[in-house]
Structure formats: structure tokens, C-alpha cells
Amino acid sequence: MKHNREFEIAWQGLKPGPHTYVYDINDRFMQEHEVDENFSNWNARITLEFDKHENFFMLHFDVDGHVTVPCDRCGDEFQLRLWDEFDLVIKLTGEEHEKIEDEDDVIFIPRSETVIDISKWLYEFLMLSVPLQHIHPDKENGESGCNPVALNLLNQLSDHGESTVNPILKGLESLKEVKKPKAKPKG
């Protein structure tokens, strides 16, 4: 990964209080990181609210944008909407040799660090904003946005698959009809 100064925040020169940064993310940024080759045309804007306090910083990332992905159902590409919000706290520690384990939403950095590189967090939060399922959104009339030819083929294949019965399961059907013997009353 290349070192890029546009994703660095020199926090020592900032006045206490909130500061806003806007980052436009495209294919060039994403290619510098590990990203699925099926994802293309990244077009995202991440707005960072950086709130500086004396011993810590509160960061709020707001993700908005699109990426082109193949549909999980029909295979055609479409633009998937990206949106999400993430919070992160950066706490300042005393000595540089003092190693404190980072937590989920809390990062520890030594006071001697004068610059914070946020590029890895931009990448992580952008990837976390991509949903696990990539399916065409429905059209305004309520119909599926997927390729109708692919949907028709999938329906034909699923109908064909239901008609064949596994011979192993065929014998189990006869067991459904066997009645349990009634228990004899104790007496």
C-alpha cells in the first residue's frame, strides 16, 4: 500500500472541538487495498467528523455512495447503494513503548504520534458498508429488478429439481404411515 498524505490528520495543530473532513473514494483508492475483483466503479463519499478533546478524539464516519457488483440471483451487474455510519474513539497514551491492546471501537496511540493515518479505517468502513447479499432492488412497480431471462431459467431449474425424489428418501415415506402402538395401561 502506498503512503498517501491526503488521508493523514495532523491533530496537534487542530483546535479542540469538531472538524469535518470529506473523502471521495474511487477505484484507485480501493485497488491499493485488498478488494474483490468483482467490485468495480467505486464511487463513495465518506464524511468524517473529527472531534478533538484533550486526551482523546471521537471520530464519526458517514459512508454514502455506490459500487458496481454482480447480482447474486441473476448474475447481471448493477449499482449497489452504500450507506452506513461508524464511530471510533482514539485515546492518547503516555509512553511510546507502552503497548495497550486496542478494543473494538477504541484505538490507543502514543502522544508522540503527531499524525493519524485514517486510510485503513476508510477502507474497512467502506467494505463493512457493502451488504452481504447483492440482489437487484425491486422496480417501482414491485417487480424484481433481476434479468427476467435468468429468473425464468432459475424457476425452470427449481421446478425440475422438485419432481425427482431421492430413492433413499422414498423408503422413509412409508414410515410416516406406520402408527405407534398404544401403551398398555398399568394396572
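Everything numeric in this text was worked out from a predicted model, so none of it was measured.
- In the hydrophobic clustering of this structure, Trp121 groups with Leu14; members are Ile, Leu, Val, Met, Phe, Trp, Tyr whose side-chain heavy atoms approach within less than 4.5 Å, directly or through other members.
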*Hey, mind stepping through Thr20 and Glu49 against side-chain hydrogen bond (donor to acceptor under 3.5 Å, both in side chains) and telling me if it holds?*
CA-CA 5 Å; Thr20 303; Glu49 289 293 326; 2.8 Å; yes
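- Side-chain contact check for Asn147 and Arg73: no donor-acceptor pair (N or O, by modelled atom type) lies under 3.5 Å.
- With a 4.5 Å cut-off on side-chain heavy atoms, Val35 and Trp42 count as touching.
- By the 30° and 60° cut-offs, the orientation of the rings of Tyr21 relative to Tyr23 is parallel.
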*Apply the test side-chain contact (heavy atoms from CB on, under 4.5 Å) to residues Asp84 and Phe61: give CA-CA distance (whole Å), side-chain angles for both, the deciding distance (0.1 Å), then the verdict.*
CA-CA 8 Å; Asp84 217 333; Phe61 296 85; over 6 Å; no
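- Put simply, the side chain of Asp51 never gets that close to the backbone of Met58: no donor and acceptor are under 3.5 Å apart.
- With respect to Arg45 and Asp24, a salt bridge is recorded, a charged nitrogen being found less than 4.0 Å from a carboxylate O.
- Here the closest non-hydrogen pair linking Ser40 and Val67 is O-CG2, 3.3 Å.
- Minimum heavy-atom separation, Arg111 to Leu92: NH1-CD1, 3.4 Å.
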*Determine, stepwise, if the pair Leu48 / Ile9 fulfils side-chain contact (heavy atoms from CB on, under 4.5 Å).*
CA-CA 11 Å; Leu48 168 62; Ile9 297 175; 3.6 Å; yes
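- For Trp11 (side chain) and Glu113 (main-chain N/O), a donor-acceptor pair under 3.5 Å exists by modelled atom type.
- A salt bridge does not link Arg5 to Asp117: none of the charged side-chain nitrogens sits closer than 4.0 Å to a carboxylate oxygen.
- In summary, the aromatic rings of Tyr123 and Phe29 are positioned with their centroids too far apart to meet the 6.0 Å limit.
- Atom CG of Asn55 is separated from atom NZ of Lys91 by 10.0 Å, given to the nearest 0.5 angstrom.
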*Just do the side-chain contact (heavy atoms from CB on, under 4.5 Å) check on Ile90 and Ile109 with the steps written out, would you?*
CA-CA 7 Å; Ile90 299 176; Ile109 63 168; 3.7 Å; yes
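- For Thr114, the side-chain contact (heavy atoms from CB on, under 4.5 Å) criterion is met by Gln12, not counting sequence neighbours.
- With rounding to the nearest 0.5 Å, the separation of CD1 in Ile107 from CG in Leu88 is 5.0 Å.
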*Could you go through the side-chain contact (heavy atoms from CB on, under 4.5 Å) check for His60 and Glu85 one step at a time?*
CA-CA 7 Å; His60 178 78; Glu85 294 181 9; 3.3 Å; yes
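- In this structure, the separation between NZ on Lys52 and NZ on Lys15 is 11.0 Å, given to the nearest 0.5 Å.
- Phe86 contributes atom CZ, which lies 9.0 Å from atom CD1 of Ile46 (distance to the nearest 0.5 angstrom).
- No side-chain donor-acceptor contact under 3.5 Å links His66 and Asn43.
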What side-chain donor-acceptor pairs closer than 3.5 Å can you find for residues 124-140, not counting sequence neighbours?
from	atom 1	to	atom 2	distance (Å)
Ser129	OG	Leu126	O	2.6
His134	NE2	Pro131	O	2.9

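- You'll find the side chain of Thr68 stays beyond 4.5 Å of the side chain of Phe39, heavy atoms only.
- The distance from the CG atom of Leu80 to the SG atom of Cys71 is 10.0 Å, given to the nearest 0.5 Å.
- Between Cys74 atom SG and Leu151 atom CG the span is 6.5 Å, to the nearest 0.5 Å.
- Although no hydrogens or angles enter the test, the distance criterion places no donor-acceptor pair under 3.5 Å between the side chain of Thr47 and the main chain of Val22.
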